[in-house]
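Here's the structure we're looking at; comments come further down.
Chain A is the first sequence line, chain B the second, and so forth, proteins listed ahead of strands; every chain is numbered from 1. Heavy-atom basis, side chains included; hydrogens, waters and symmetry copies ignored.
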Number of protein chains: 2
Amino acid sequence: MPSYQPGSDTRNRLMVAAAEVFAEQGFRHARVSDICERAQANIAAVNYHFGDKENLYLAVVQKLDEESKADAPYMQIDPDASAEQKLHTFVRQFLGVLLRTGPSTWLGKLMAREMMEPTAALDYMIEHVIPPVEGVVRGIVGELLSLPPDSPIVQLCVSSILSQCMIYFDTKEIALRMRPELINPDRSYDPATIAFLAGHITQFSLHGMHAMATVPGPESGT
Amino acid sequence: MPSYQPGSDTRNRLMVAAAEVFAEQGFRHARVSDICERAQANIAAVNYHFGDKENLYLAVVQKLDEESKADAPYMQIDPDASAEQKLHTFVRQFLGVLLRTGPSTWLGKLMAREMMEPTAALDYMIEHVIPPVEGVVRGIVGELLSLPPDSPIVQLCVSSILSQCMIYFDTKEIALRMRPELINPDRSYDPATIAFLAGHITQFSLHGMHAMATVPGPESGT
DNA sequence: ATGAATTTGAAATCGTCATTTGAAAAGGAG
DNA sequence: CTCCTTTTCAAATGACGATTTCAAATTCAT
């Protein structure tokens, strides 16, 4: 019966290597052999330390979540700023995390994959990853609209805002081919581009939201 | 040397079965054996008629694209309607296609997967699938803002609009778990919900866009 | 130091799949 | 009917990859 000492060096190297490989390839395509190679560990190490591949994956998702909570800049918005500024700051920081490269984007990549082919990790994300982010945006939108954060209208606006950020993350492969000048050789977006997109999304959303507090839907077309 | 007669019955059954299996599982996870079983064909049929699995996949993507062009309701907007009505109609029809079940959603599912792990099919989609849809929305937005359809501002607004629609498609697995009451037992969204979302997205976007024609970005926050 | 528990290593196992093979069947032209 | 092409079939083949095995090495407490 293995001991699973959390401090084991090999165990840690496996988690670090696995995070990268899972983020690149997703759970199913990631190869245990590849992970072990990068971790300079034997092929049997995953099964010894984690039982199986899926358990390692779950451990990685939780670790990435904890790490992201430790420093995610979009979660720490200056409470004294105006609601408009809060929104702008959130969007800029959120885009910044999504559109650069490296570990900060890994959890997002895994989440995108979970939506297409859910594993047990999706339940974890629904419980632990999504609510904090939604909560921050609901707070800002609620303040802007003078509505309770859990109002349905606020929820719709939150979806509209987050979707505008996430599309640039989701369509990165397409952007690479259609607008390569926007993307650096290391596959990250240029900070100036990020700032520009953040400005647009903020403006678009601020004006979009003011409509929401009052108006019903338009007349139906064809 | 096989003949690849396009009319072969087995060949057609394979394409129909493959479309469904690929849409469900994606290219890599789809099993040739599974496809052949559903097509009531022998396991060797795919290689005989298409050469290999990827070629079958490409053929399926093209067929789905042609079929979608034949009837996609969001591509046929009444040119005499007001720009506002055009937008509302587009959003409602586009959401309708995305949020129901069945063959009309298959191409979208495959496209979502191509963004995460591109194959040769992504190039086809970038050339043939995306431009027509973007073109329609650019036309509507250009009309609304009195700007040329290829203006950068129009492009930003198109992204904002499409993203708000697609997020409900992309997050369906999450909605299924967080808001099951919105989704029917057959995994489609209720028409009333679709209409409601379309109303929100249209309003939000109409107001968001009017800001765009004039204003620069907001002052920077933290 | 010694013995037990833990960890590592190399090779073997076991499944799953795409693809190939070669023979049989079906179809068509003369 | 008979030769020739096209199509189907069942059974290999061959890769790949997760997991297991068990022996060797290492660590640790006494």
Taken to the nearest whole Å, NZ/B:K53 to P/C:dT20 is 14 Å

Side chain of A:V32 (C-beta onward), nearest among D:dT8, C:dT20, D:dA18: D:dA18

Could you give the distance from NZ (A:K172) to CZ (A:F169), rounded to the nearest 0.5 Å? 7.5 Å

Please compare B:H29 and A:Q40 by the position of their nearest nucleotide in DNA chain C and report the one closer to 5'. A:Q40

Separation of C:dT16 atom P from B:R28 atom CZ, nearest Å, is 19 Å

Looking at the side chain of B:N42, which of D:dA18, D:dA10, C:dA18 is the nearest nucleotide? D:dA10

Without decimals, in angstroms, what is the distance between A:D9 CG and D:dT26 C1'? 14 Å

What is the separation between atom CG on A:N12 and atom P on C:dT8, rounded to the nearest whole Å? 11 Å

Nearest-angstrom distance from the residue atom OH of B:Y48 to C1' of C:dA24: 14 Å

For atom CD of B:E37 and atom P of C:dA18, their distance in whole Å: 12 Å

Phosphate OP1/OP2 of D:dT8 contacted by B:T10 side-chain N/O (<4.0 Å): yes

Of the nucleotides C:dT19, C:dT21, D:dA18, which one has an atom closest to the side chain of B:D52? C:dT19

Rounding to a whole Å, what distance do you find between A:F50:CZ and D:dA18:P? 15 Å

Measure from the side chain of B:A44, starting at C-beta and using heavy atoms only, and say which of C:dT20, D:dT20, D:dT6 lies closest. C:dT20

Are A:E127 and B:R177 close enough for a salt bridge, meaning some N to O gap below 4.0 Å? no

Just say parallel, tilted or perpendicular for the rings of B:H29 and A:H29, cut-offs at 30° and 60°. tilted

Name the closest nucleotide to the A:I43 side chain, picking from C:dA18, C:dA11, D:dT7. C:dA11

Value in whole Å for how far the C1' atom of C:dT6 lies from CZ of A:R11: 14 Å

Quick one: side-chain hydrogen bond (donor to acceptor under 3.5 Å, both in side chains) partners of B:Y57, sequence neighbours excluded? B:E114

Between the side chains of B:E24 and B:R31, is the shortest nitrogen-to-carboxylate-oxygen separation below 4.0 Å, so that they form an ion pair? no

